[in-house]
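Remember, predicted model here, so these are calculated numbers, not experimental data. Letters A, B, ... mirror the listed sequences (proteins, then strands); counts begin at 1.
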2 protein chains.
Amino acid sequence: MKDIRARLTDLLKVGYCTPRISGLAKALKEPPATIHYNIRQLEKGTIRGYRAVFDYKNIDQGFCTYAMIHIMPDEYMNPAKIAKDLAKYPQVECIDIVTGDWDLILRVRTKDIDEYYQFVKNVLGKMRLSRVQSVPTMKQIKDEFIEIKEDMILKK
Amino acid sequence: MKDIRARLTDLLKVGYCTPRISGLAKALKEPPATIHYNIRQLEKGTIRGYRAVFDYKNIDQGFCTYAMIHIMPDEYMNPAKIAKDLAKYPQVECIDIVTGDWDLILRVRTKDIDEYYQFVKNVLGKMRLSRVQSVPTMKQIKDEFIEIKEDMILKK
DNA sequence: CATTTATTTGAATTTTATTCAACAAAATAT
DNA sequence: ATATTTTGTTGAATAAAATTCAAATAAATG
């Protein structure tokens, strides 16, 4: 059997979705043509794309880690270059350039700690970074603006 | 003129989108009916929903800050309670319970630094936290798995 | 290996998005 | 103020896409 599911989720993670104009038209009580026009306008700047939201543990990305990064002194004035290189990796959910204790903050999603180790070794380990501090998430309470409801396994 | 744009973004923030079956079918070189069937299966557990991704500065949420939190010693064994209280606020994009230097990591989106100050004062300031370190994002390179393409304003 | 369950697919049908031209409203220029 | 241009709204026609369904195939199970 073809493994369509995995290929689908890969695409839906980054796009391949579209607004439901008829649904929006009904919800807002406006004609579809009006919704259509306004969405096109929003797409010129305000809407960056459309995508699916997942239960990540079902798509081999259940392990979420913050990676706080110091870049090398000689790269210090151009963190965007390193950040853009890192942005290419699909494990990377977000990258922010910050200032203070760290230079970059990444949110990385992998299947498990083993795959995260591979990411640190093969990706971060090969860039000009002077230090990486990994902070794994023990539990997510809210994600992508959506509260996560979950039963406590060990609750007695 | 009707303010359709704002009402649209409110809905698109949480849903009102759908997968593009024909696009997926072309990309994966499979018949639309097959894509349709597999997506329906994924929707039973793996896909939580579909939504738009925004350029948040255009919808009054352009200021993004990591808030690293220490909770009080007497609450230390129950961080989930505090986390769930914080999860209620719409400015909070995500909350993770971590261990190590900090107890909680929040990602908070506000219109600007003034609104963030109000959040720290009125929300964080009123909870049993022993310390909060705020790390504002200077520039986002990737967000929600989508790379941000942007011209450098000061590039010469 | 018999039976059940899950998946794939083409073709018919239904639903939805898109286009377009006319009109209306707002913004801008005179 | 008002003429002119730009932006936004909308119904109706058209084009495109999603959905359904039944038949075939593949995989899992007894």
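- OP1 and OP2 of D:dA16 both lie 4.0 Å or more from every side-chain N or O belonging to B:R20.
- Side-chain N/O atoms of A:S134 and A:Y116 include a donor and acceptor closer than 3.5 Å.
- Comparing B:R5 and A:T18 along DNA chain D, the residue whose closest nucleotide (by nearest heavy atom) sits nearer the 5' end is B:R5.
- Between the P atom of C:dT7 and the CG atom of A:L8 lies a distance of 13 Å, rounded to the nearest Å.
- If you measure from atom CG of A:D3 to atom C1' of D:dA27, you get 14 Å, rounded to the nearest angstrom.
- Comment: B:E93 engages B:R109 in a salt bridge, judged by a side-chain N to carboxylate O separation of less than 4.0 angstrom.
- Residue-to-nucleotide proximity on DNA chain C shows that, of A:K26 and A:A33, the 5′-proximal contact is made by A:K26.
- Between C:dA17 and A:S22, a contact under 4.0 Å exists linking OP1 or OP2 to a side-chain N or O.
- When each of C:dT8, C:dG10, D:dG11 is scored by its nearest atom to the side-chain atoms of A:I4, the top-ranked nucleotide is C:dT8.
- A donor-acceptor contact under 3.5 angstrom links the side chains of B:D143 and B:Q140, judged on distance only.
- Between the side chains of A:Q133 and B:D101, at least one donor N or O lies within less than 3.5 Å of an accepting N or O.
- One can place CD1 of A:I21 at 13 Å from P of D:dA17, the figure rounded to the nearest angstrom.
- For the segment residues 35-43 of chain A, the set of residues with a heavy atom within less than 4.0 Å of an atom of DNA chain C comprises A:H36, A:R40, in numerical order.
- Between A:Y66 and A:R107, the side chains place a donor N or O and an acceptor N or O closer than 3.5 Å (distance only, hydrogens not considered).
- Rounded to whole Å, atom C1' of D:dA18 lies 12 Å from atom CG of B:L24.
- Heavy-atom neighbours of B:K13 NZ from other residues, nucleotides or ligands within 6.0 Å: above the threshold of 12.
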